[in-house]
2 protein chains.
Amino acid sequence: MHRFSKKVSMTVVKRLPKYYQYLTDLQLNDIEKISSRELASLMGLTASQIRQDLNSFGGYGQQGYGYNVGELREAIKEILGLDSEYNCIIIGGGNMGHAIANYERFKREGVILKGVFDVDPLTVGTVVGSVVVKHMDELDEFIKANEIDIAILCVPREVGQKVATQVTDLGVKGILNFSPLDLTVPNDVVVENVNITDSLFTLTYLLGE
Amino acid sequence: MHRFSKKVSMTVVKRLPKYYQYLTDLQLNDIEKISSRELASLMGLTASQIRQDLNSFGGYGQQGYGYNVGELREAIKEILGLDSEYNCIIIGGGNMGHAIANYERFKREGVILKGVFDVDPLTVGTVVGSVVVKHMDELDEFIKANEIDIAILCVPREVGQKVATQVTDLGVKGILNFSPLDLTVPNDVVVENVNITDSLFTLTYLLGE
DNA sequence: CGTAATTGGTACATATTGTTATAATTAATT
DNA sequence: AATTAATTATAACAATATGTACCAATTACG
């Protein structure tokens, strides 16, 4: 759990995964140190903003030197909660569920796929990612038995809210929501939406500008 | 092309697809009129903000009456550019490409899937969505011949920039980017990113708060 | 030890959002 | 037809949030 003196705004939080990505790349290229100015040029931000962003979590840089890539990456990894492991399930074994299940990156960062669920008899029993798809009837039992932290929703709009309510009732505290609707969940549950339709429409808007 | 007196901020633009979604739902439920107060309660915004948002594009409401759902929906549809049609291609016929290709919503809103491309010999020739997957070797010819407006990138990180450059060189002006990297494109090209890894990391961050 | 580089933090500027108030307009009621 | 209630459009303002500029303090390094 975080204990930062300053409260951090959502816009800053949304930049953290980007920092993490760039720092990971730098480390892979054996770059040991980087200045805010260099990182800014790389990421298309201002050096000032980067220093401000990073400093809201703590003084990871060294004056006159810059930032140690490895240390900063580890720090951000921890801030993002990626030093812990998470058990996750995918609900909806269609193409989108399939796609997510095969994201190697998830496992590499400690998000472990424990199960995939669907209602379609043709899908149940097939292998998706590393697991065999189970029927939704088994969901309640499974979540209780496996301490699931995150549910990834890839279900049709019509059943999205129902499924969200079901999993949060069972104690799931995080939802990555690919279903194109706004979910209503308890206060202690966090939802991150990936709304592909909205993204497409934003694109068509921008095309007309 | 838009001709609005006021310039509209990106935060407002990002809300437009939401308005469109809610208005579409209202219309499906045969609701003919709605006040800013009612819509605000539905969407979790303030009435004032809704009036301000909508008014930045024109006076679609009627004093003493509210907004006509059908008219407002049509207006937003046009603002979003969804009164035109767009030819699109998907690059990368893996699970993600598959998932997008089967989104019925895209076609319904005038975004027509013209082709799917991949390099994998096992994927080329299979049917994805409504089309047969072609080899990337045919991409250049195809884009020229079919006036492609939008390219949907579902390729691995390593080749994302290369493909983006290729399609923009051929005149594609919009990219919906599912590949987890930041693309560099010409000024007149618009990119909308859907970064699933970033979304997951935002979720793990929020879980630790 | 001196110089150049660089952060941390503060102050400032800009953008966004929310609130309040009011005139204009419409619908509903009597 | 007149009155009342509802509601938007618009402006002004306040409160936040976000981004930028600056500079003292610190460090690296020759």
Side-chain angles (χ1 to χ4, degrees), chain A residues 4-19 22-23 26 31-76 79 202 205 209, chain B residues 4-19 22-23 26 31-76 79 182 202 205-206 209:
Chain A
F4 305 121
S5 47
K6 306 159 190 173
K7 72 171 194 300
V8 181
S9 75
M10 203 56 197
T11 38
V12 177
V13 172
K14 290 276 184 189
R15 276 195 292 269
L16 289 176
K18 288 260 176 283
Y19 288 124
Y22 277 92
L23 288 165
L26 287 168
I31 292 167
E32 284 184 9
K33 69 160 230 177
I34 194 162
S35 69
S36 57
R37 193 169 41 77
E38 290 167 320
L39 191 55
S41 144
L42 211 56
M43 296 183 63
L45 302 172
T46 66
S48 191
Q49 182 168 49
I50 287 181
R51 289 201 297 272
Q52 212 175 43
D53 280 358
L54 299 180
N55 198 242
S56 59
F57 294 101
Y60 298 112
Q62 280 191 324
Q63 288 153 329
Y65 174 82
Y67 297 86
N68 177 294
V69 170
E71 280 176 22
L72 182 57
R73 181 178 176 275
E74 282 304 311
I76 293 180
I79 292 165
T202 303
Y205 173 89
E209 255 184 339
Chain B
F4 304 121
S5 47
K6 305 159 190 175
K7 72 170 195 299
V8 182
S9 73
M10 203 55 198
T11 39
V12 177
V13 172
K14 289 278 182 189
R15 278 196 291 270
L16 289 175
K18 287 262 176 281
Y19 287 123
Y22 276 91
L23 288 164
L26 287 167
I31 293 168
E32 284 184 8
K33 68 160 229 176
I34 194 161
S35 68
S36 56
R37 195 169 41 74
E38 291 168 318
L39 190 55
S41 143
L42 210 57
M43 295 182 64
L45 302 172
T46 67
S48 188
Q49 182 168 47
I50 287 180
R51 288 201 298 273
Q52 263 178 24
D53 280 358
L54 300 179
N55 199 243
S56 58
F57 295 100
Y60 299 112
Q62 279 193 324
Q63 287 148 330
Y65 173 82
Y67 296 86
N68 178 294
V69 171
E71 280 176 22
L72 182 56
R73 179 176 177 278
E74 282 304 311
I76 293 181
I79 292 166
D182 296 336
T202 303
Y205 173 90
L206 293 172
E209 257 186 339

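Fair warning: this is a prediction, and the values are worked out from it, not measured in the lab. Each chain gets a letter, A, B and so on, in the order its sequence line appears, and its residues count up from 1.
- In this structure, CE of M10(A) is placed 17 Å from C1' of dT17(C), rounded to the nearest angstrom.
- Closest of all the heavy-atom pairs between A40(B) and T46(B) is CB-C, 3.6 Å.
- Heavy-atom minimum distance, Y67(A) versus Y65(A): C-CE2, 4.2 Å.
- Taking side-chain N and O atoms only, T46(A) has no distance below 4.0 Å to OP1 or OP2 of dG19(D).
- Atom CG of D53(B) and atom P of dT8(D) are 14 Å apart (whole Å).
- A 6.0 Å sphere centred on CZ of R37(A) holds no more than 12 heavy atoms belonging to other residues, nucleotides or ligands.
- The CG atom of L54(A) sits 12 Å away from the P atom of dG9(C) (whole-angstrom rounding).
- Taking CG from L39(B) and CG from L54(B), the interatomic distance works out to 7.5 Å, rounded to the nearest 0.5 Å.
- Partners of K33(B) according to the salt bridge (charged side-chain N to carboxylate O under 4.0 Å, His left out) rule, which considers only residues two or more places apart in sequence or in another chain, do not exist here.
- Counting to the nearest Å, the P atom of dA6(D) and the CG atom of N68(B) are 21 Å from each other.
- Nucleotide dA17(D) holds its C1' atom 14 Å from the CD atom of Q49(B), rounded to whole Å.
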Assign a letter to each nucleotide of nucleotides 20-30 of chain C from its 5' end: B, base within under 4.0 Å of a protein heavy atom; S, sugar-phosphate only; -, no contact. B---BBBS---
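- Rounding to whole angstrom units, CZ of residue R37(A) and P of dC22(D) are separated by 16 Å.
- Distance, N55(B) CG to dT7(D) C1': 13 Å, rounded to whole Å.
- Here S9(B) contributes atom OG and R15(B) contributes atom CZ; the two are 7.0 Å apart, rounded to the nearest 0.5 Å.
- Whole-Å rounding puts the L45(B) CG to dG18(C) C1' distance at 12 Å.
- Within the structure, a side-chain polar atom (N or O) of T11(A) is placed less than 4.0 Å from OP1 or OP2 of dT18(D).
- For the OP1/OP2 pair of dT7(D) and a distance below 4.0 Å, the side-chain nitrogens and oxygens of Y60(B) include no atom meeting the criterion.
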